[in-house]
A.B. asks: 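Before I ask anything, here is the structure I am working with.
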There are 2 protein chains.
Amino acid sequence: MIRSESTEMYLKTILELGTGKEPVAISQVAERWGVTPVSANEMIKRLAEYGMIRHEPYKGVSLTETGLRQATNILRRHRLWERLLVDHLGVDWAESHDAACQLEHATAEAVTTALDAFLGHPTTCPHGNPIPDPGQPVNEAETRPLSTLEIGQQATIICIHPEETALLNYLAEHGIYPQRTVEVEEIAPLDGPLTVRVGEQRTVIGREAASRVHVAV
Amino acid sequence: MIRSESTEMYLKTILELGTGKEPVAISQVAERWGVTPVSANEMIKRLAEYGMIRHEPYKGVSLTETGLRQATNILRRHRLWERLLVDHLGVDWAESHDAACQLEHATAEAVTTALDAFLGHPTTCPHGNPIPDPGQPVNEAETRPLSTLEIGQQATIICIHPEETALLNYLAEHGIYPQRTVEVEEIAPLDGPLTVRVGEQRTVIGREAASRVHVAV
DNA sequence: CATGATTTTTAGCCATGCCTATAATTTTGT
DNA sequence: ACAAAATTATAGGCATGGCTAAAAATCATG
Ligand SMILES: [Mn+2]
Ligand SMILES: [Mn+2]
Ligand SMILES: [Mn+2]
Ligand SMILES: [Mn+2]
């Protein structure tokens with residue numbers, strides 16, 4: 001089985017979109033990875049042949065044992081790189097995501113191990129997402145999207161998920177980072193934006209962005 | 001112009017094989033990069049179209065201004081990564097070369113800059129080769145191959161060039177590292193091996209390997 | 001249960017980078 | 001000067017990973 005950037009990104013995409021139980025629609029994979037549904041279908045066929053994923057027609061795809069292990073390792077490399085980039089090299093918080101997305105496919109096993117040790121076995125990426133242990137699948141934290149909070153509710157920002165550089169840049173501009181405390185002050189109708197208080201500041205962020213910010217009450 | 005691993009490695013290979021003046025034979029490029037001469041020829045044609053290299057038929061290829069800049073940047077990334085891997089992450093001295101050869105093609109500009117700053121603007125890789133300044137071509141040090149020393153001559157090991165993991169492993173096993181002092185004790189005939197003293201130890205290394213160890217008397 | 005929407009498949013095409021086999025060309029050494 | 005060696009080019013293939021256009025299959029819903 002080939003281990004190209006392409007196949008790795010398909011696996012990672014399926015892992016990131018999957019809630020764990022229900023299979024992920026191929027159209028969603030296609031959209032997130034930025035290819036046509038036809039192309040995604042072709043690749044899904046190949047990955048299924050290689051035993052990395054299972055395809056239930058008209059339902060979607062899910063990772064096999066092998067596929068899950070592989071995808072988890074990619075995620076692990078990604079998040080370890082982000083930690084190095086942000087904490088030690090001083091790379092921009094939002095920019096680190098894209099940089100890590102390139103590095104994750106070019107990382108030898110020995111480098112991953114050494115990186116993890118150097119960083120002191122970190123448990124989360126700079127965007128709050130858990131760094132899986134080698135071989136182990138991630139166990140998601142107990143969180144809910146910021147967009148589900150009610151007016152007046154306070155919460156702590158846990159993580160941004162799924163990550164995307166445009167989203168991270170947007171959130172950084174609005175002071176939305178993990179660990180910070182937020183309180184919803186206003187919710188505009190018609191899927192409109194949320195007015196939130198973060199620390200001392202008050203900002204307005206879109207509903208879709210807010211649904212990618214996960215908090216713990 | 002495409003910036004694939006393939007095109008980048010062709011450029012880096014041409015830079016590493018070139019002494020600066022005379023063009024590099026395509027057959028040499030093919031051999032070092034591990035493809036057939038036909039394949040190398042095809043790629044050389046493309047790279048020439050993109051204005052990265054010049055091809056003098058039956059003579060060889062040389063880098064254009066643009067190509068030299070690009071190749072130098074790749075070399076720069078490679079050697080910066082090696083420094084991080086060896087000095088900070090504790091990756092094996094010999095293994096670092098292959099690991100860096102993967103990373104060098106997946107490194108965003110911002111990462112290179114940050115890496116350089118984090119490392120304190122190092123001037124050489126762990127194998128003694130100079131790290132070029134951004135945009136500037138490398139200026140080779142005043143050295144000669146260990147294989148050209150005469151019996152009794154003492155010298156300081158400066159660098160290993162061109163690098164190759166198998167070679168680095170071999171040299172590491174024999175205690176041949178930059179900065180160490182060597183003295184040639186015996187030279188076997190018929191292109192045979194050299195017996196050298198490195199520090200307190202005496203070892204025998206092949207002539208070809210010795211020709212890749214550059215020293216200053 | 002029919003019909004429209006979604007999902008999947010098929011067919012045909014393209015670029016990249018490899019390959020082998022073979023032929024043409026140029027250089028070089030005797 | 002000529003034959004051997006090296007270099008270059010041509011032809012035909014292959015795998016990967018994309019694409020569009022169009023058809024077929026299934027799902028969902030009124
Ligand atoms: Mn990636
Ligand atoms: Mn992250
Ligand atoms: Mn490389
Ligand atoms: Mn090196």
Side-chain angles (χ1 to χ4, degrees), chain A residues 1-15 17-19 21-64 67 70-71 74 101-102 104-106, chain B residues 1-14 17-19 21-63 67 70-71 74 101-102 104-106:
Chain A
M1 140 93 195
I2 302 100
R3 260 200 51 189
S4 60
E5 175 180 354
S6 194
T7 56
E8 290 199 339
M9 284 306 283
Y10 274 99
L11 293 177
K12 202 183 75 163
T13 303
I14 293 165
L15 176 61
L17 289 177
T19 58
K21 291 287 170 207
E22 321 85 62
V24 179
I26 294 181
S27 54
Q28 276 199 286
V29 177
E31 191 187 342
R32 184 152 164 81
W33 174 230
V35 296
T36 64
V38 176
S39 298
N41 247 285
E42 291 172 329
M43 182 58 97
I44 257 76
K45 215 185 298 169
R46 262 171 266 153
L47 289 174
E49 274 169 26
Y50 298 146
M52 308 303 286
I53 62 177
R54 239 170 286 106
H55 181 204
E56 298 171 62
Y58 296 98
K59 288 285 159 20
V61 290
S62 46
L63 297 166
T64 61
Q70 248 232 236
I74 300 159
C101 194
Q102 292 183 258
E104 65 191 355
H105 313 291
Chain B
M1 141 92 195
I2 303 97
R3 260 199 51 190
S4 60
E5 175 180 355
S6 193
T7 56
E8 290 199 339
M9 285 306 283
Y10 274 98
L11 293 177
K12 202 183 74 164
T13 303
I14 293 165
L17 289 176
T19 57
K21 290 289 171 208
E22 320 85 63
V24 180
I26 293 181
S27 54
Q28 278 200 286
V29 177
E31 192 188 342
R32 184 151 165 82
W33 173 231
V35 295
T36 64
V38 176
S39 299
N41 246 283
E42 292 173 327
M43 183 58 99
I44 256 76
K45 215 185 296 168
R46 261 171 268 153
L47 288 174
E49 273 169 26
Y50 298 145
M52 309 302 287
I53 62 177
R54 240 170 285 105
H55 180 205
E56 298 171 63
Y58 295 98
K59 289 283 154 26
V61 289
S62 47
L63 297 165
Q70 247 232 238
I74 300 159
C101 194
Q102 292 183 256
E104 66 191 353
H105 312 291

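Reckoned from all heavy atoms, side chains included, excluding hydrogens, waters and symmetry mates. Residue numbers begin at 1 in each chain, while the letters A, B, ... track the order of the sequences.
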A.B. asks: Report yes if some heavy atom in the side chain of A:Y10 is under 4.5 Å from a heavy atom in the side chain of A:V35; otherwise report no.
C.D. replies: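 In short, these two side chains touch, coming nearer than 4.5 Å.
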A.B. asks: Give a yes/no on whether any side-chain N or O of A:R46 is located under 4.0 angstrom from OP1 or OP2 of D:dG17.
C.D. replies: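 So the side chain of A:R46 is within the cut-off, an N or O lying under 4.0 Å from OP1 or OP2 of D:dG17.
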A.B. asks: Among A:M9, A:K12, A:R3, find the residue that satisfies the side chain to side chain contact (heavy atoms under 4.5 Å, CB included) test when tested with A:I74.
C.D. replies: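 The residue from A:M9, A:K12, A:R3 that satisfies side chain to side chain contact (heavy atoms under 4.5 Å, CB included) with A:I74 turns out to be A:K12.
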A.B. asks: Would you say B:H55 and B:L47 make side-chain contact, with heavy atoms under 4.5 Å?
C.D. replies: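 Heavy-atom side-chain distance check fails, nothing below 4.5 Å.
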A.B. asks: In residues 2-11 of chain B, which residues come under 4.0 Å of DNA chain D by heavy atom?
C.D. replies: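 Close to the strand, none.
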A.B. asks: Please state how far atom CD in B:E31 lies from atom C1' in D:dT7, giving the value in whole angstrom units.
C.D. replies: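 B:E31 atom CD is separated from D:dT7 atom C1' by 15 Å.
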A.B. asks: Just grab all the salt bridge (Lys or Arg N to Asp or Glu O under 4.0 Å) pairs involving residues 24-49 of chain A, residues at least two apart or on different chains.
C.D. replies: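 Residue pairs passing salt bridge (Lys or Arg N to Asp or Glu O under 4.0 Å), neighbours aside: A:E16-A:R32, A:R32-A:E164.
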A.B. asks: Short question: side chain of B:T13, backbone of B:V29 - any donor-acceptor pair under 3.5 Å?
C.D. replies: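 It does not hold such a pair.
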A.B. asks: Within this structure, what is the CD-to-P distance between A:E49 and D:dG17, rounded to whole angstrom?
C.D. replies: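 Distance check: A:E49 CD to D:dG17 P gives 13 Å.
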A.B. asks: Any side-chain heavy atom of A:R54 within less than 4.5 Å of one from A:P23?
C.D. replies: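 A side-chain contact is absent here, since even the closest heavy-atom pair is not under 4.5 Å.
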A.B. asks: How long is the line joining CH2 of B:W33 and P of C:dC18, in whole Å?
C.D. replies: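 Value for this atom pair: 6 Å.
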A.B. asks: Measure the spacing between CE of A:M52 and OG1 of A:T64 and express it to the nearest 0.5 Å.
C.D. replies: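 Result: 6.0 Å between the selected atoms.
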A.B. asks: Once you round it to whole Å, what is the distance between P of D:dG17 and CD1 of A:I44?
C.D. replies: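 Result: 12 Å.
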A.B. asks: Out of the candidates B:H105, B:M43, B:Q70, only one should pair with B:T7 under the side chain to side chain contact (heavy atoms under 4.5 Å, CB included) rule; please name it.
C.D. replies: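 When B:H105, B:M43, B:Q70 are each tested with B:T7, the side chain to side chain contact (heavy atoms under 4.5 Å, CB included) holds only for B:M43.
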A.B. asks: Tabulated below should be each protein N or O lying under 3.5 Å from an N or O of nucleotides 8-12 of chain D; please produce it.
C.D. replies:
{"from": "D:dT8", "atom 1": "OP1", "to": "B:H55", "atom 2": "NE2", "distance (Å)": "2.9"}
{"from": "D:dT8", "atom 1": "OP1", "to": "B:Y58", "atom 2": "N", "distance (Å)": "2.7"}

